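Just so you know, these numbers come straight off a predicted model, no measurement behind them.
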Amino acid sequence: MYRKKECVAMLLAGGQGSRLYVLTKNVAKPAVPFGGKYRIIDFPLSNCTNSGIDTVGVLTQYEPHVLNAYIGSGQTWDLDRLRGGVYVLPPYQKGKASEWYKGTANAIYQNIAFIDEYDPEYVLILSGDHIYKMNYNKMLQQHKQTGADATIAVLDVPLAEASRFGIMNCKPDGTIYEFEEKPKNPKSTLASMGIYIFSWKKLRQYLIEDEENKKSSNDFGKDIIPTMLGNGEKMVSYRFEGYWKDVGTIESLWEANMDLLSPNSGLNLKDDSWKIYGRTTGSPPHFTAKDAVVKHTLLSEGCEIAGDVSESVLFSDVKIARGAKVEYSILMPGAVVEEGATVQYSIVAENAVIAKDAVVGGSPSDGDVEKWGVAVVAEGVRIGRGAKLAAKEMADEDLPDMI
């Protein structure tokens, strides 16, 4: 038996992220690079550390290799603890039975033994694919003060967007009386953030009962939460005020990176009181050539810039040759833009090459990026000399030279 922990976090990081298409062909969504030097999973892991939660189970499934290697011992997030720390928890065979995680609730059910080792009073359930900074300890204190069986973090969203989310209908004191999954005519604008705190003994009981129900989809939003509400358990909302974005689509991932360039977006990574931690590459300092033009751009270590760059986010070891132009784009680690090439409103994945005089993306005439679309080049793909990849198009394999 390990030393008892008041609260254990369980981070669901096994999602395929199919709406990110070619960007998640070889990696799970939480491992997708973000913000010049991070990966998406850095945000919930850093939130745990900053909130004083030092025991985290990371539940992996789809393409876990990069994520497993990246997390390592957890030292980056101060989670390499003698008792507690971070643990990668893939599905595993028990007895003669072996199965993948069937849903979010089933993933936690399959790890009941791990949680029981710490005998926690509370369990924090997190998603590994959101960009935000949040003090989970404040949410835990409210959970304890209200005597709730479950506390669900909610964000007030515009009414026009409410039908995209699971909506919590609440009494004036924050008590949840109804949950609606993506309602056509929402009664409120309090959207579930997919962040839950449960009293462990109560949740443990519901997970076992849910697993025994052959008709269940084994999901928190579809099964566990509605069942608890139906049984009259005390469920309370926790209102979050701050930046939060689900980066589950190409456009939302592009927008969140661009938000780093806006001082009014609410996404501030320079706050020393709440740092976001990520593993460094050990590359040398970035270099900007004498004739290069760099405007309003995030540059990471190892970058070599000889061309023109503006309104962009460049990860480590990106190379932009003389005469090349990059704007409103995200270039992931090791991406190369050769002489005379143009990259606009695009995401270029790791180690991709945009060859001489190639054109990727374009500039939206009406400014509506979501309607216009973002061009995407997959990891390791080469866009040949003079080749063109238009807005909304995705290159999952090399494009041949055109000149």
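Between the side chain of S300 and the backbone N or O of G36 there is at least one donor-acceptor pair closer than 3.5 Å. Panel note: side chain K133, backbone N268; a donor-acceptor pair is recorded below 3.5 Å. Under the 3.5 Å distance criterion, the side-chain polar atoms of N47 are matched with a main-chain donor or acceptor of Y132. The main-chain N or O of N26 is never found under 3.5 Å from a side-chain atom of E379 such that the two would form a donor-acceptor pair. Judged by distance alone, the side chain of E161 and the main-chain N or O of P158 form no donor-acceptor pair under 3.5 Å. T104 places no side-chain N or O within donor-acceptor distance of the main-chain N or O of D219, the cut-off being under 3.5 Å. Side chain of E301 to backbone of T281: a donor-acceptor contact under 3.5 angstrom is found. For S46 (side chain) and P44 (main-chain N/O), no donor-acceptor pair under 3.5 Å exists by modelled atom type. The main-chain N or O of V381 is never found under 3.5 Å from a side-chain atom of D398 such that the two would form a donor-acceptor pair.
Between D116 and R204 a salt bridge is recorded (basic side-chain N to carboxylate O distance below 4.0 Å). Note on K4 versus D119: salt bridge recorded, some NZ/NE/NH1/NH2 to OD/OE distance being below 4.0 Å. Of the charged side-chain nitrogens involved, none lies within less than 4.0 Å of a carboxylate oxygen, so that K144 and E121 do not count as a salt-bridged pair.
Taking CG from L45 and OG1 from T76, the interatomic distance works out to 9.5 Å, rounded to the nearest 0.5 Å. In this structure, OG on S316 lies 12.0 Å from CG on L299, to the nearest 0.5 angstrom. Between the CD1 atom in I41 and the CG atom in L67 there is a gap of 4.5 Å [rounded to 0.5 Å]. Between atom CG of residue L207 and atom CD1 of residue I112 there is a gap of 5.5 Å, rounded to the nearest 0.5 Å. Between L20 atom CG and L253 atom CG the span is 6.0 Å, to the nearest 0.5 Å. Rounding to the nearest 0.5 Å gives a distance of 9.5 Å between CD1 of I40 and NE2 of H130.
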| Given K37 and D42, is the salt bridge (charged side-chain N to carboxylate O under 4.0 Å, His left out) satisfied, shown in steps? | CA-CA 10 Å; K37 62 170 291 184; D42 286 330; over 6 Å; no

| task | Please step through side chain to side chain donor-acceptor pair (under 3.5 Å) for the pair S273 and D271, ending with a clear verdict. | result | CA-CA 5 Å; S273 68; D271 183 1; 2.6 Å; yes

| said: Quick one, L126 with C48, criterion side-chain contact (heavy atoms from CB on, under 4.5 Å). Give me CA distance, side-chain angles, the key distance, then yes/no. | reply: CA-CA 10 Å; L126 302 170; C48 285; 3.7 Å; yes

| Stepwise, does the side-chain contact (heavy atoms from CB on, under 4.5 Å) test hold for I53 with Y122? | CA-CA 11 Å; I53 296 173; Y122 312 102; over 6 Å; no

| request: Apply side-chain contact (heavy atoms from CB on, under 4.5 Å) to the pair Q110 and L59, showing each step before the final yes or no. | output: CA-CA 10 Å; Q110 289 199 40; L59 284 66; over 6 Å; no

| query | For N106 and E211, what are the C-alpha separation, side-chain angles and deciding distance, and is it a side chain to side chain donor-acceptor pair (under 3.5 Å)? | reply | CA-CA 7 Å; N106 174 258; E211 190 65 22; 2.9 Å; yes

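Taking a 6.0 Å sphere around CD of E181, one finds it holds more than 12 heavy atoms contributed by other residues, nucleotides or ligands. Enclosure of atom NZ in K245 by more than 12 non-hydrogen atoms of other residues, nucleotides or ligands within 6.0 angstrom is indicated. A 6.0 Å sphere centred on CG of N185 holds no more than 12 heavy atoms belonging to other residues, nucleotides or ligands. The local environment of NZ in K102 is crowded, with over 12 non-hydrogen atoms from other residues, nucleotides or ligands closer than 6.0 Å. Heavy-atom neighbours of R81 CZ from other residues, nucleotides or ligands within 6.0 Å: above the threshold of 12. Around the CD atom of Q205, the shell of radius 6.0 Å holds more than 12 heavy atoms that belong to other residues, nucleotides or ligands.
Of the N and O atoms on the side chains of D149 and S199, not one donor lies less than 3.5 Å from an acceptor on the other residue. At a cut-off of 3.5 Å, with distance as the only test, no side-chain donor of N213 or E209 sits close to an acceptor on the other residue.
A salt bridge (Lys or Arg N to Asp or Glu O under 4.0 Å) with D401 holds for exactly one of K388, K356, R382; it is R382. The only member of V326, I330, V343 that meets side chain to side chain contact (heavy atoms under 4.5 Å, CB included) when paired with S312 is V326.
Across all their heavy atoms, V58 and A13 have their closest contact at CG1-CB, 3.8 Å. Smallest separation of non-hydrogen atoms from L267 and A256: CD2-O, 3.8 Å. The minimum heavy-atom distance between Y345 and S329, with the atom names listed, is N-OG, 3.2 Å. Taking all atoms of both residues into account, the shortest heavy-atom contact from W200 to V123 is CE3-CG2, 3.5 Å. Across M228 and A150, no two heavy atoms sit closer than the pair CE-CB, 4.2 Å. Closest of all the heavy-atom pairs between E311 and L261 is C-CD1, 3.5 Å.
Between Y206 and F198, the gap from one ring centroid to the other reaches at least 6.0 Å. In this structure, the ring of W77 has its center less than 6.0 angstrom from the ring center of Y70.
Residues L190 and C170 meet the side-chain proximity criterion, which asks for heavy atoms closer than 4.5 Å. You'll find the side chain of H143 stays beyond 4.5 Å of the side chain of Y238, heavy atoms only. Taking the side chain as every heavy atom from C-beta outward, S188 and I167 approach each other to under 4.5 Å. By the 4.5 Å heavy-atom criterion applied to side chains, K275 and T49 are not counted as neighbours. Counting heavy atoms from C-beta outward, L331 and V309 have side chains that stay 4.5 Å or more apart. You'll find the side chain of S163 stays beyond 4.5 Å of the side chain of K184, heavy atoms only. The shortest distance between side-chain heavy atoms of D210 and Y109 does not fall below 4.5 Å. Within the 4.5 Å cutoff, no side-chain heavy atoms of V157 are placed close to those of W244.
Note: Y328 and W254 have tilted aromatic rings, judged against thresholds of 30 and 60 degrees for the angle between ring planes. Taking the six-membered ring for Trp and thresholds of 30 and 60 degrees, Y196 and F220 have ring planes inclined between 30 and 60 degrees apart.
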